[in-house]
K.L.:
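One structure coming up, written as structure tokens, with questions to follow.
Quick note on labels: first sequence line is chain A, next is B, and so on, each numbered from 1. Predicted, not measured: the structure shown is a model, and the values here were computed from it.
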2 protein chains.
Amino acid sequence: MADNIPDKERLDVRRRHETANIFSRLPATYAASRMQGQRLLKIGGLSIVEWRILWDVLEAGPITIRDLAELQRADHSQISRVLPKMSAAGWIELQRDKNDGRQTLISLTKEGVAAYERAAPIMAKRRAAFRKYFTEDEIKLWLDLLDRFDVFCQLSVEDILDTE
Amino acid sequence: MADNIPDKERLDVRRRHETANIFSRLPATYAASRMQGQRLLKIGGLSIVEWRILWDVLEAGPITIRDLAELQRADHSQISRVLPKMSAAGWIELQRDKNDGRQTLISLTKEGVAAYERAAPIMAKRRAAFRKYFTEDEIKLWLDLLDRFDVFCQLSVEDILDTE
DNA sequence: CAAAATTAAGTGACTTGTCACGGATTTTTT
DNA sequence: AAAAAATCCGTGACAAGTCACTTAATTTTG
């Protein structure tokens with residue numbers, strides 16, 4: 001702690017360390033991406049969670065909450081919590097599955113499709129802009145890193161403690 | 001919507017699309033990483049925010065809230081909010097900067113160093129495990145992608161809408 | 001077939017993260 | 001030197017995400 005190195009330099013050193021640490025970078029980068037998404041979706045009056053649901057239901061619906069959560073690699077509670085609001089807005093219809101009474105099937109209404117279509121071109125432009133910043137190969141490489149990182153993140157506390 | 005493609009296949013198609021979409025992957029991946037971090041820090045009785053603060057203050061302190069936030073690329077409010085609790089726990093000392101009365105200088109107490117040292121070896125093991133999953137070059141490449149993605153995320157709504 | 005185990009969904013409680021705004025202090029401009 | 005602008009920090013309000021627990025329904029097992 002009580003080094004003789006000037007404060008300014010210790011700050012710079014620390015900044016370089018933080019910059020080179022993937023674990024430090026991820027939260028900030030994801031937050032920035034999320035904020036950008038929120039700003040873009042605000043134009044169409046959607047939240048991120050709503051947008052994801054509309055898109056997935058449009059492409060793969062009618063669909064259960066469970067399957068939606070799996071598609072989005074997210075906890076089902078996140079979806080479950082937003083549905084009443086989306087239903088009240090008239091975007092989706094919820095109906096109990098006749099074959100399996102535990103499940104709820106989500107389908108889009110015309111208003112839901114309209115809500116989707118308000119946001120979709122904007123989000124498509126975002127992806128187009130993204131592809132101007134990164135080549136096809138770079139994206140593939142990145143996805144591969146994410147695949148492997150997902151595996152790493154499944155390591156349990158014991159796995160980590162047993163390292164080395 | 002009313003395609004003739006079976007539901008199962010549409011789900012698979014959608015899953016592949018989600019899997020290949022960086023914007024879809026980031027939230028899940030970051031969430032998984034954060035959860036792993038939380039589980040590891042729980043052993044030492046720390047939250048993520050607390051851990052980051054302890055580490056940065058140890059390496060670069062005494063330091064202001066502003067500088068801490070900049071190091072972590074996070075909003076100052078996140079740090080500001082946790083400090084009273086950490087001060088009450090006896091880990092840090094807060095004192096108003098004599099040169100600039102707006103600023104608060106954060107420094108570690110002995111108990112703060114002890115709290116850091118309870119978590120540090122565990123987190124070091126995590127980074128060691130991480131380096132077994134990814135080579136030095138891959139990490140460099142990933143950091144470069146993140147650097148460029150950060151630039152992309154700074155694009156304003158207008159920038160995005162002007163695309164193409 | 002009854003009992004036990006699993007699964008789907010809803011909900012409470014929490015963490016991590018942002019933005020916006022106000023009050024106090026410092027710095028810059030005129 | 002006074003006025004204006006900028007900066008630091010605290011706080012309220014919110015979004016996105018998790019886990020743990022409950023209830024209801026279905027499947028599996030004995």
K.L.:
Grab the CD1-C1' distance between B/Ile48 and D/dT18 for me, whole Å please.
P.N.:
11 Å

K.L.:
Below the 4.0 Å mark, does C/dA24 have OP1 or OP2 next to a side-chain nitrogen or oxygen of B/Gln103?
P.N.:
no

K.L.:
Measure from CG on B/Asn99 to C1' on C/dT25 and round the result to the nearest Å.
P.N.:
13 Å

K.L.:
What is the ring orientation for B/Phe134 with B/Phe130, classed by angle as parallel under 30°, tilted 30 to 60°, or perpendicular over 60°?
P.N.:
tilted

K.L.:
Which nucleotide in the list D/dA16, C/dA9, C/dT18 gets nearest to the side chain of A/Thr64?
P.N.:
C/dA9

K.L.:
When you match A/Arg34 and B/Lys42 each to their closest nucleotide on DNA chain D, which lands nearer the 5' end?
P.N.:
A/Arg34

K.L.:
Please give, in whole Å, the distance from D/dC9 P to B/Asp75 CG?
P.N.:
12 Å

K.L.:
Between B/Phe23 and A/Arg127, is there a cation-pi geometry (under 6.0 Å to ring centre, at most 45° from the normal)?
P.N.:
no

K.L.:
B/His76 stacking on D/dC9: centroids under 5.5 Å, ring planes under 30°?
P.N.:
yes

K.L.:
Does A/Ser47 place a side-chain N or O at less than 4.0 Å from the phosphate oxygens OP1/OP2 of D/dA16?
P.N.:
yes

K.L.:
Is the phosphate of D/dA16, meaning OP1 or OP2, less than 4.0 Å from a side-chain N or O of A/Gln38?
P.N.:
yes

K.L.:
Tell me whether the NZ or CZ atom of A/Arg14 lies within the 45° cone about the ring axis of B/Trp55 and under 6.0 Å from its centre.
P.N.:
yes

K.L.:
Kindly indicate whether the side chain of A/Ser77 and the base of D/dC19 share any N or O donor-acceptor pair separated by less than 3.5 Å?
P.N.:
yes

K.L.:
Can you check ring-ring contact (aromatic ring centres under 6.0 Å, His included) on B/Trp91 and B/Tyr116, steps first, answer last?
P.N.:
CA-CA 9 Å; B/Trp91 295 341; B/Tyr116 165 83; over 10 Å; no

K.L.:
Could you check how far CG of B/Leu68 sits from P of D/dC8, rounded to whole Å?
P.N.:
13 Å

K.L.:
Heavy atoms under 4.0 Å, any strand shown: does A/Ser80 hit a base, just sugar-phosphate, or nothing?
P.N.:
base

K.L.:
If you pin A/Arg39 and A/Ile65 to their nearest nucleotides in DNA chain C, which one's is more 5'?
P.N.:
A/Ile65

K.L.:
Write down the distance between CD1 (A/Ile106) and P (C/dA8), rounded to a whole number of angstrom.
P.N.:
13 Å

K.L.:
Is it possible for you to check whether A/Arg34 lies under 6.0 Å from the centre of the six-membered ring of A/Tyr30, through NZ or CZ, and within 45° of that ring's axis?
P.N.:
yes

K.L.:
As a test of understanding, state which of B/Asp56, B/Asp147, B/Asp150, B/Asp67 forms a salt bridge (charged side-chain N to carboxylate O under 4.0 Å, His left out) with B/Arg73.
P.N.:
B/Asp150

K.L.:
Do the side chain of A/Arg81 and the base of C/dG12 come within less than 3.5 angstrom through a donor-acceptor pair of N or O atoms?
P.N.:
yes

K.L.:
What is the distance from CG of B/Leu41 to C1' of D/dT18, rounded to the nearest Å?
P.N.:
15 Å

K.L.:
Search all heavy atoms of B/Gln78 against all heavy atoms of B/Ala74 and return the closest pair with its distance.
P.N.:
OE1-CB, 3.7 Å

K.L.:
Take atom CG of B/Asp100 and atom P of C/dT27, then tell me their distance rounded to the nearest Å.
P.N.:
6 Å

K.L.:
Under 3.5 Å, is there any donor-acceptor pair linking the side chain of B/Arg102 to the base of D/dT7?
P.N.:
yes

K.L.:
Can a side-chain donor-acceptor contact be found between A/Asp137 and A/Thr135 if the only test is distance below 3.5 angstrom?
P.N.:
no

K.L.:
Would you kindly give the CZ-to-P distance between B/Arg66 and C/dA24, to the nearest whole Å?
P.N.:
22 Å

K.L.:
For residues 24-33 of chain A, which residues have at least one heavy atom under 4.0 Å from DNA chain C?
P.N.:
A/Pro27, A/Ala31

